[in-house]
2 protein chains.
Amino acid sequence: MSNLDQIAKLSGFSKATVSRVLNRSPHVSQATREIILKIMEELDYVPNGNAISLSTGETMQIGMVTEGINEVMLPFLNSFVETASRHGYQTIIYTSGGDPAKELQAFEDMRRKRVDALVISTCVNDQALLGSYCKYGPIVSWQRMELPEIQSVAMNQYDGYMLGLEHVIGRGYTRIANAWGRPASMNTFGRIQAYQDAARKYHLEVNQEWSQTGIFSIRQGEELIRRLLLIAGGPPNAILCANDMVAAGILSEARRLKVKVPEELAIVGFDNTELAHTLGITSINNPIGAQAQNALHLILGKLGGTEAGQQELEFQLVQRATT
Amino acid sequence: MSNLDQIAKLSGFSKATVSRVLNRSPHVSQATREIILKIMEELDYVPNGNAISLSTGETMQIGMVTEGINEVMLPFLNSFVETASRHGYQTIIYTSGGDPAKELQAFEDMRRKRVDALVISTCVNDQALLGSYCKYGPIVSWQRMELPEIQSVAMNQYDGYMLGLEHVIGRGYTRIANAWGRPASMNTFGRIQAYQDAARKYHLEVNQEWSQTGIFSIRQGEELIRRLLLIAGGPPNAILCANDMVAAGILSEARRLKVKVPEELAIVGFDNTELAHTLGITSINNPIGAQAQNALHLILGKLGGTEAGQQELEFQLVQRATT
DNA sequence: TTGAAAGCGCTACCAT
DNA sequence: ATGGTAGCGCTTTCAA
């Protein structure tokens, strides 16, 4: 493996000049540049990334913190990786599997200069603890954060959820169930608020048992609907879900149980993924890709680059066969 | 930010000794170790990862090369990230979006010592070209490779596909259609072979128009079945798919078109993902997670670590409502 | 336009 | 058990 020093010796110029050629400095004569480039070519030279990182203090790597890589965060991850790459940054995946200690590794890695910044998809550690890592580099979150130090690109879930609520209410459903996601998250909090406000405003029937948190997966959706249908005082006639996977589980289980959708049960998903399209599930479109781009732009701004502006984002309801 | 040199000065010991403490060398007295650890604590010291990488020549990072992050490669990615992390390696994502130049970036990054090894999920460059990067570090592939230098953890798709074929044949279907994936891949090649052998052995009706390549997505599945149903000489009565997404597309479109599944059309997916479970699609279980682990073990072996053995893997057919 | 040299922060060999 | 020191390969200031 050849290095910069060898190129310098062989070309008869100094390391400084070779470095200038590498970095396209204008202060190198055309002749010199050509000689050096030719030798680099002959030796099949490429600069060592680690050496560059150590010297410059930046790795051009951004860490993505997440509980796991799943269908829900896939569009976020994909869009982030793609956008970051266009700006010369690679993305490193840190999955915690729900283990706080493992998650913390990502933050320690920023402290150790292995990544220049972090973007949180979902996190499980105490937010105050995570906030203490802000001094080591930019941290931006997709998940909404209580902590002001960690900016979030999440949208106000209140608005999106209200869109779904008003849609089913407008179609005459009044016994509305909720399959909410992560109980402690701000996302869920906003959605609960929306439901409470709508219940009051539109005089909905309310039954505590109709609302559940901690429902994210297809299987959980399947189980949930089975339970809901057995509730004393009658089952709900509409359900809003934490995501499209839950909605898919509910839909397929409802079919197995011969419940007519949407006549006897209206189902609304969230995120408007391919799954919702395929199964014909009404869903709320969440511009996730754009949120990922906003996340990167926020990071680039904090890294001292060009402060790219944030895009304005909004939810949209896509009606399909389940409402 | 404190560094090793400061710790050395403050503690009164040399950098070498401090480094020994860092690396848990046994050749440090207990007393010395405690003094140094205490000072590290006080200064909130952590070693700089870049400096370590430059010095040791290894980054503890492995690159994952893929066209895009999608449902098909998700279990592979997830399992790989998880297993790698348990061995102290982080995973970096390189998505090409089908652009060879962008894909090559991953290989250049190994050359520049930004990653210690590469694992290919799918790749689009000429394999001979990629093979020339083997001298810069271990490369292992999920996708089957023609090149002997790049080992693959892919399973013989012939066997898996044959499992699906014999299943539908056993249930009396003889007009079998094929929705194959990437035309140029060895995976597809193995599956085509299986079909041809089965057609001969079981005297299947054969119609060129029933077999298509380049079908990966839900939407393509939807479109395909619409076309197949219009074919002169009659449509097929069974179809084997490149993956579960295609099967899902075919199933939902078939329902919309009032085609009875499985009476008029049997559908078999591939990979046995959650989607197949949810929609009740018969599918062929492909132990993808185990393949990812094999990939990492192969890499660790080549990196000079412990040569962990390869697990023996096999396909299984999971029957559900579509056959 | 070019060069010399001092970093960047750590590892590892050779002494003692 | 501990220290001295030469790397690892590049960037960047300061001079010339």
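Throughout, a chain's letter reflects where its sequence line sits, starting with A, and its residues are numbered from 1.
Residue B/Phe13 has its side chain nearest to D/dG3 when only D/dC10, C/dT1, D/dG3 are considered. Of the candidates C/dC10, D/dG3, C/dT2, D/dG3 carries the atom nearest the B/Ala16 side chain, counting heavy atoms from C-beta on. Comparing atom distances between the B/Asn48 side chain and each of C/dG9, C/dT11, D/dT2 picks out C/dG9 as nearest.
Separating the CD1 atom of B/Ile36 from the P atom of D/dT2 is a distance of 8 Å, rounded to the nearest angstrom. The distance from atom CG of A/Leu22 to atom C1' of D/dT11 is 10 Å, rounded to the nearest whole Å. Following rounding to the nearest Å, B/Glu58 (CD) and C/dT11 (P) show an atom-to-atom distance of 11 Å. With rounding to whole Å, A/Arg112 atom CZ is found 10 Å from C/dC10 atom P. Between the NZ atom of B/Lys15 and the P atom of C/dC8 there is a distance of 10 Å, given to the nearest Å. Between A/Ile52 atom CD1 and C/dG7 atom C1' the separation is 16 Å, expressed in whole Å. Rounded to whole Å, atom P of D/dT12 lies 13 Å from atom NE2 of A/His27. As a whole-Å value, the separation of B/Met60 CE from C/dC10 C1' is 16 Å.
A donor-acceptor distance shorter than 3.5 angstrom exists from the side chain of B/Ser11 to the backbone of B/Ala8, with no hydrogens or angles considered. Side-chain atoms of B/Ser14 come within 3.5 Å of backbone atoms of B/Thr17 as a donor-acceptor pair (strictly under, hydrogens ignored). No donor-acceptor distance shorter than 3.5 angstrom exists from the side chain of B/Asn294 to the backbone of B/Gln310, with no hydrogens or angles considered. No side-chain donor-acceptor contact under 3.5 Å links A/Ser79 to the backbone of A/Pro75.
Contact annotation: side chain of A/Ser55 to base of C/dG7, donor-acceptor pair present below 3.5 Å. Contact of A/Arg20 with C/dG3 (side chain to base): a donor-acceptor pair of N or O atoms is detected under 3.5 Å.
If you check residues 2-9 of chain A against DNA chain D, the residues with a heavy atom closer than 4.0 Å are A/Asn3, A/Leu4, listed by number.
Summary of the strand contacts: B/Gln30 and A/Asn23 both lie near DNA chain D, and taking for each the nucleotide with the nearest heavy atom, the more 5' one is attributed to B/Gln30.
Taking a cutoff of 4.0 Å between a charged side-chain nitrogen and a carboxylate oxygen, B/Glu41 and B/Lys38 do not qualify as a salt bridge. A salt bridge is defined here as a Lys NZ or Arg NE, NH1 or NH2 lying under 4.0 Å from an Asp or Glu carboxylate O, and B/Glu82 with B/Arg86 meets this definition.
Considering only side-chain N and O atoms, B/Ser14 lies nowhere under 4.0 angstrom from the phosphate OP1 or OP2 of D/dT2. Taking only side-chain nitrogens and oxygens, B/Thr56 never comes nearer than 4.0 Å to OP1 or OP2 of C/dT11. Neither OP1 nor OP2 of D/dC10 sits under 4.0 Å from any side-chain N or O of A/Ser53. Between B/Ser19 and C/dT11 there is a side-chain N or O to OP1 or OP2 distance below 4.0 Å.
Two residues are said to be in side-chain contact when any heavy atoms from C-beta on lie closer than 4.5 Å; B/Trp142 and B/Val119 fail this criterion. Side-chain contact between A/Leu77 and A/Ile93 is present, with at least one heavy-atom pair separated by less than 4.5 Å.
Using a 4.0 Å heavy-atom distance criterion, B/Gly49 is classed as making no nucleic acid contact.
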